[in-house]
Amino acid sequence: MSAEPLDRPIEDLVPELRAGRLSPVALVEAAFERIRLCDGRLQSFVHVSQSALDDARAAAREIGEGRWKGPLHGIPIAVKDNYLTCDMPTRAGTSVPDITFPQEDSNAVARLRAAGAILIGKTRLHEFAWGTVTPPTRNPWNLDRVPGGSSGGSGAAVMAGLASAALGSDTGGSIRIPASLCGTVGLKPTFGRIGRSGIVPHSWSLDHAGPLTRTVGDAALLLGALAGPDPGDPACPDRPVPDYTAALGQSLKGLRIGVCRNHFFGRNQTDVESAVETAIGDLAAAGATIRDFEIPNLEYGLGAIFAIELSSSTAYHDVSLRAGLAPGFAPDVRTLIEIGRLVTGPDYLKAEQFRRVLIDDFRTAFEEIDAIVTPATPLTAWAHDATTVEIAGGPESVLAASWRLTYPFNLTGMPAISVPCGFDREGMPIGLQIAAKAFDEAMVLRVAHAYEQSHDWRTRRPQL
């Protein structure tokens with residue numbers, strides 16, 4: 001059957017599903033058919049659900065009987081393979097057989113099921129959510145390029161129309177990087193806005209959960225279902241969840257958009273810098289006031305996040321290291337986990353102290369601005385076998401480059417989104433990053449939606 005509905009955003013499918021003009025069964029069958037046809041080349045899924053069609057039939061009955069659960073009812077959604085699921089195995093990207101995980105639902109998965117979503121499978125990630133490559137997954141726009149990581153399977157699956165949306169996790173950029181490189185929307189909410197119990201940890205104080213979607217409106221719908229208290233996550237506050245869709249369609253007139261000229265600009269590929277500067281001009285034309293500012297302390301951020309991420313990840317994997325399982329890890333992951341043993345207690349403490357300074361720096365900046373706009377990544381998707389790229393006239397490690405512009409918002413815990421803002425001269429997507437102060441996802445969505453609606457980037461699809 002035709003998979004055409006999977007090329008449409010969730011927000012467009014909702015009225016047809018609710019009215020019975022479109023069946024959840026048809027959507028799931030279309031997803032499975034497209035996975036069959038395309039995923040041999042993309043390699044975005046590691047497991048396809050055996051119960052999704054039964055779940056879709058149950059959803060169709062519920063909708064037909066008037067038991068409507070909300071806008072995700074009957075929608076096929078994929079889940080990154082570090083989210084525990086009761087009906088599918090979890091591997092967190094590792095092939096080490098002695099490492100196993102419980103077969104139970106994470107908080108986020110349970111919330112999706114409660115909202116009526118149909119979980120169609122588990123997507124690939126870079127092992128244990130390290131890295132920005134996600135081997136062997138390929139980018140739908142060019143199969144010789146990477147999809148980004150660590151949520152690369154989710155980014156590729158959404159862009160290729162294998163699922164209407166997918167869950168990812170973000171420790172230093174792992175939702176926004178694949179969103180930028182694959183041309184989807186990727187939302188990292190405020191630290192703790194979505195509960196993380198049942199997600200295999202990477203770095204406890206940096207990990208965020210969030211969605212990758214076709215549009216900003218879809219991201220608002222998923223955030224509304226996923227946000228809320230999580231008794232299993234002490235960092236998840238019990239605070240009200242607003243109607244995030246209410247922020248959509250609001251004017252930008254009177255908003256103050258901040259452009260942080262140090263760190264985020266000047267060391268990007270030419271096409272990326274040009275596209276983002278054009279986007280900033282578009283926001284100004286829509287009525288926003290553009291204000292340049294600087295956060296000088298950002299130059300020390302990389303050392304701080306590495307100290308925190310390395311040491312906390314090594315602490316999580318300590319049992320595996322002591323059991324001699326590390327030789328089974330991918331070489332890049334094994335190296336990073338073992339390096340974490342070299343971070344001292346004073347190193348970690350200084351990194352946490354710097355984090356406090358950086359949070360205060362941004363809090364001061366937000367006294368004069370409402371949102372921040374930057375490139376999401378300084379480069380577009382690179383060749384799958386590349387280790388360095390040329391940026392601003394010099395070589396740079398793809399690992400260092402790819403998360404350079406996203407990790408500041410993990411250190412500060414602020415919400416940030418990547419939305420498509422064009423393509424480079426080789427036809428690869430470019431991402432625009434928008435951030436706001438803590439728990440102001442509504443502002444992020446408002447600005448992102450206003451920009452998205454003034455362009456047709458969201459309608460473009462790769463030819464697979």
Side-chain angles (χ1 to χ4, degrees), residues 132-133 138-142 144-149 151-152 154-156 158-160 168 170 173-188 212-216 219 257 259-261 263-286 371-383 386 389-392 396 398 400-407 409 416-435 444 447-463:
T132 58
V133 178
R138 300 303 176 96
N139 193 303
W141 292 96
N142 185 330
D144 292 328
R145 307 289 183 94
V146 302
S151 309
S154 292
V158 171
M159 189 68 256
D170 193 311
S174 289
I175 289 172
R176 290 157 291 153
I177 294 167
S180 177
L181 271 52
C182 292
T184 75
V185 172
L187 174 63
K188 180 197 79 66
L212 292 95
T213 61
R214 208 72 45 70
T215 65
V216 175
I257 303 295
V259 179
C260 185
R261 286 295 173 186
H263 185 80
F264 293 101
F265 291 86
R267 290 176 58 207
N268 304 314
Q269 288 179 343
T270 302
D271 290 350
V272 171
E273 189 107 347
S274 176
V276 172
E277 292 289 3
T278 298
I280 292 169
D282 293 340
L283 295 173
I372 297 170
V373 171
T374 81
T377 54
L379 74 171
T380 55
W382 56 94
V389 289
E390 289 287 322
I391 299 181
E396 185 172 1
V398 291
S402 58
W403 74 322
R404 173 159 37 90
L405 307 185
T406 52
Y407 76 71
F409 303 117
I417 197 170
S418 176
V419 295
C421 70
F423 292 81
D424 70 7
R425 65 196 67 190
E426 296 181 342
M428 302 306 295
I430 297 170
L432 178 72
Q433 183 171 225
I434 300 161
V444 168
V447 176
H449 186 260
Y451 175 78
E452 177 190 68
Q453 293 301 301
S454 64
H455 299 81
D456 70 347
W457 312 125
R458 69 190 182 283
T459 67
R460 302 194 186 185
R461 296 288 180 271
Q463 297 298 314

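Since the model is a prediction, treat every value here as computed from it, not as a measurement. When reading the values below, keep in mind they use all heavy atoms of this one structure, side chains included, and skip hydrogens, waters and symmetry mates.
Here Trp141 pairs with Phe423 under the ring-ring contact (aromatic ring centres under 6.0 Å, His included) rule; sequence neighbours left out. The side chain to side chain contact (heavy atoms under 4.5 Å, CB included) search around Val389 returns Leu379, Trp382, Ile391, Val398, not counting sequence neighbours. For Phe409, the ring-ring contact (aromatic ring centres under 6.0 Å, His included) partners two or more places apart in sequence, or in a different chain, are Phe264, Phe362.
When all heavy atoms of Pro140 and Ala156 are compared, the pair lying nearest together is CG-O, 3.5 Å. When every heavy atom of Arg458 is checked against every heavy atom of Thr215, the shortest pair comes out as CD-CG2, 4.3 Å. The heavy-atom pair separating Ala371 from Ile434 by the smallest distance is CB-CG2, 4.5 Å. Closest approach of Pro147 to Val133, counting heavy atoms only: CD-O, 3.3 Å. Residue Ile177 comes nearest to Gly149 through the heavy atom pair CB-O, 3.8 Å, listed as atom of the first residue, atom of the second, then distance.
At a cut-off of 3.5 Å, with distance as the only test, a side-chain donor of Thr374 or Gln433 sits close to an acceptor on the other residue. Looking only at atom types and distance, the side chain of Ser180 has a donor-acceptor partner in the side chain of Thr377 under 3.5 Å away.
Salt-bridge formation is detected for the pair Glu277/Arg261: a Lys NZ or Arg NE/NH1/NH2 atom is positioned less than 4.0 Å from an Asp or Glu carboxylate oxygen. Remark: Arg145 engages Glu426 in a salt bridge, criterion side-chain N to carboxylate O under 4.0 Å.
Aromatic ring pairs are classed by plane angle as parallel below 30°, tilted from 30° to 60° and perpendicular above 60°; the pair Trp403 and Tyr407 is tilted.
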